[in-house]
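One structure is given below, encoded as structure tokens.
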Number of protein chains: 2
Amino acid sequence: MASNEIINNKMRKEGTHMKTVKEGETYDCLRLENQLCFPLYVCAKEIVRRYKPFLDEIDLTYTQYIAMMALWDKKKLNVKELGDMLFLDSGTLTPLLKKMEEKGLLTRTRSKEDERNLIVEITDKGEALKEEAKTIPERLGSCLSMSEEDAGKLYEILHRFMGTI
Amino acid sequence: MASNEIINNKMRKEGTHMKTVKEGETYDCLRLENQLCFPLYVCAKEIVRRYKPFLDEIDLTYTQYIAMMALWDKKKLNVKELGDMLFLDSGTLTPLLKKMEEKGLLTRTRSKEDERNLIVEITDKGEALKEEAKTIPERLGSCLSMSEEDAGKLYEILHRFMGTI
DNA sequence: TACAATTAGATTGTACACAATTATTAATAT
DNA sequence: ATATTAATAATTGTGTACAATCTAATTGTA
């Protein structure tokens, strides 16, 4: 059964938000509180917003932060590989990486073997930033106030869905 | 316990992605695959992307779609109330509502009682769009391929978190 | 070996998001 | 009654996102 129907059925069973039987049956699926995507969209924005004060301290935006995570891990990769890891395309990454290059966090060089590839490599300064960033996840977690169980379950469900992208 | 630690502990228990004991203990929290925010951010973008073909049919963006949902429900409200419902501020809403007004979906009028308030009211054309939109949730659900259980659990966890915003 | 198809990035254009600031109006506190 | 404060939108500036298009390099193939 499709996920939207579950949510709608769940709402109907609880007897909430129904105006008339007919209107409820036909349009309840168009109510904000019955959406699955809307809270996902809201929660994602909210958590990025909560990262901001911590990321400001090390002068990174959230997108730059996840790009650094990829680089702390891989050290060197091309734009395509980075895009696959972050689920971002060149339209987003090109200007982002140029800014990060200006900040001295990485270098951008065309590959000798295949000139189509742009190699992105972390610098010493980029590596050093890891030391400053390492306290962020714990400090963020402390201000999220989500139970251990919810966090684990959420992680599990989202990763299952990401596998289908 | 903070949610990030749970994820990290979980990862450690599973023995994945550890390089050395020291490095694992110190930096595992900075690995993309140990983040809770990252999959949330990716999944939210992905679902909005999957809405696009359906929303293109009725010439709405995702943000305009959730604004219409609020209007289909409330018929008339001011920008502040709309912002509270959608978790968006006037910087996002002002240009969005102007575009929707141009499309004839709503009207924007200053309140007589309190000139600070801008009243946003749905038009007949806006109401009529509901009829075209009503099949979207089901059609979207069909292409999400998320289990009934996951969808319900996800809905529950996200709403619990939204309650803390 | 020409040449079509593919691939990787960059560019362009549109649409958010949101912080910070400003302008207007309303409420309130002397 | 006036000065102060608060509330509400609008504006400005920065930073994503992503579709569509373009260019250059590489690969596959007849």
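First the proteins, then the strands, lettered A, B, ... as listed; each starts at 1.
The side chain of E115(A) lies closest to dA25(D), out of dA9(D), dA25(D), dG9(C). You'll find that the side chain of K98(A) is closest to dT11(C), out of dT11(C), dA17(C), dA9(D). Looking at the side chain of K52(A), the nearest of the listed nucleotides dG9(C), dA19(C), dA10(D) is dA19(C). Nearest nucleotide to the side chain of R110(A), out of dT11(D), dG9(C), dA15(C): dG9(C). Side-chain proximity of D89(B) to dA25(D), dA19(C), dG9(C): nearest is dA19(C).
The structure places NZ of K153(B) at 6.5 Å from CG of D150(A), a figure rounded to the nearest 0.5 Å. With values rounded to the nearest 0.5 angstrom, L82(B) atom CG is found 11.0 Å from T92(B) atom OG1.
Each of E131(A), E138(A), E132(A) was compared with K134(A) under the side chain to side chain donor-acceptor pair (under 3.5 Å) criterion, and only E131(A) meets it.
For the pair L118(A) CG and dA24(D) C1', the computed distance is 14 Å after rounding to whole Å. Protein atom CZ of F38(B) is 11 Å distant from nucleotide atom P of dA17(D), rounded to whole Å. At whole-Å resolution of the value, CG in D84(A) and C1' in dG9(C) are 13 Å apart. One interatomic measurement links the two molecules: CG of L93(B) to C1' of dC18(C), which rounds to 11 Å at whole-angstrom precision. Atom-to-atom, CG of L55(A) to P of dC18(C) comes out at 15 Å; the value is rounded to the nearest Å. Across the protein-nucleic acid pair, N117(A) atom CG and dA10(C) atom P stand 11 Å apart, rounded to whole Å. Nucleotide dT14(D) holds its C1' atom 12 Å from the NZ atom of K103(A), rounded to whole Å. If you take CD of E113(B) and C1' of dA26(C), they are 13 Å apart, rounded to a whole angstrom.
Counting heavy atoms from C-beta outward, L129(B) and L60(B) have side chains that approach closer than 4.5 Å.
Heavy atoms of L96(B) sit under 4.0 angstrom from primed sugar atoms or phosphate atoms, though from no base atom.
Ion pair K98(B)/E102(B) not flagged as a salt bridge, since none of the NZ, NE, NH1 or NH2 atoms sits closer than 4.0 Å to an Asp/Glu carboxylate oxygen.
Near DNA chain D, meaning a heavy atom under 4.0 Å from it, residues 39-47 of chain B has Y41(B), K45(B) in order of number. Across residues 56-67 of chain B, T61(B), T63(B), Q64(B) each have a non-hydrogen atom less than 4.0 Å from an atom of DNA chain C (numbered order).
For the pair K130(A) and Y27(B), the cation-pi criterion (under 6.0 Å, within 45° of the ring axis) is fulfilled.
Residue-to-nucleotide proximity on DNA chain D shows that, of R116(A) and T92(A), the 5′-proximal contact is made by T92(A). Place F87(A) and T94(B) on DNA chain D by their nearest nucleotides, and T94(B) ends up nearer the 5' end. With DNA chain C read from its 5' end, the first of the two nearest nucleotides for D114(A) and R49(A) is the one closest to D114(A).
R50(A) approaches I165(B) most closely through the heavy-atom pair NH2-CA, 4.0 Å.
Listed pair K99(B) / dC16(C) meets the phosphate criterion, a side-chain N or O lying under 4.0 Å from OP1 or OP2.
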Go through it in stages, so that I can follow the logic: the residues are R139(A) and E57(A), the test is salt bridge (Lys or Arg N to Asp or Glu O under 4.0 Å), and I'd like the CA-CA distance, side-chain angles, deciding distance and then a yes or no.
CA-CA 13 Å; R139(A) 288 194 288 157; E57(A) 292 174 11; 3.0 Å; yes

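Between the side chain of S90(B) and the main chain of L93(B), no donor-acceptor pair closer than 3.5 Å is present. No donor-acceptor pair under 3.5 Å is formed between the side chain of E46(A) and the backbone N or O of Y41(A).
Not a single donor-acceptor pair, N or O on each side, falls under 3.5 Å between the base of dA8(C) and the side chain of S90(A).
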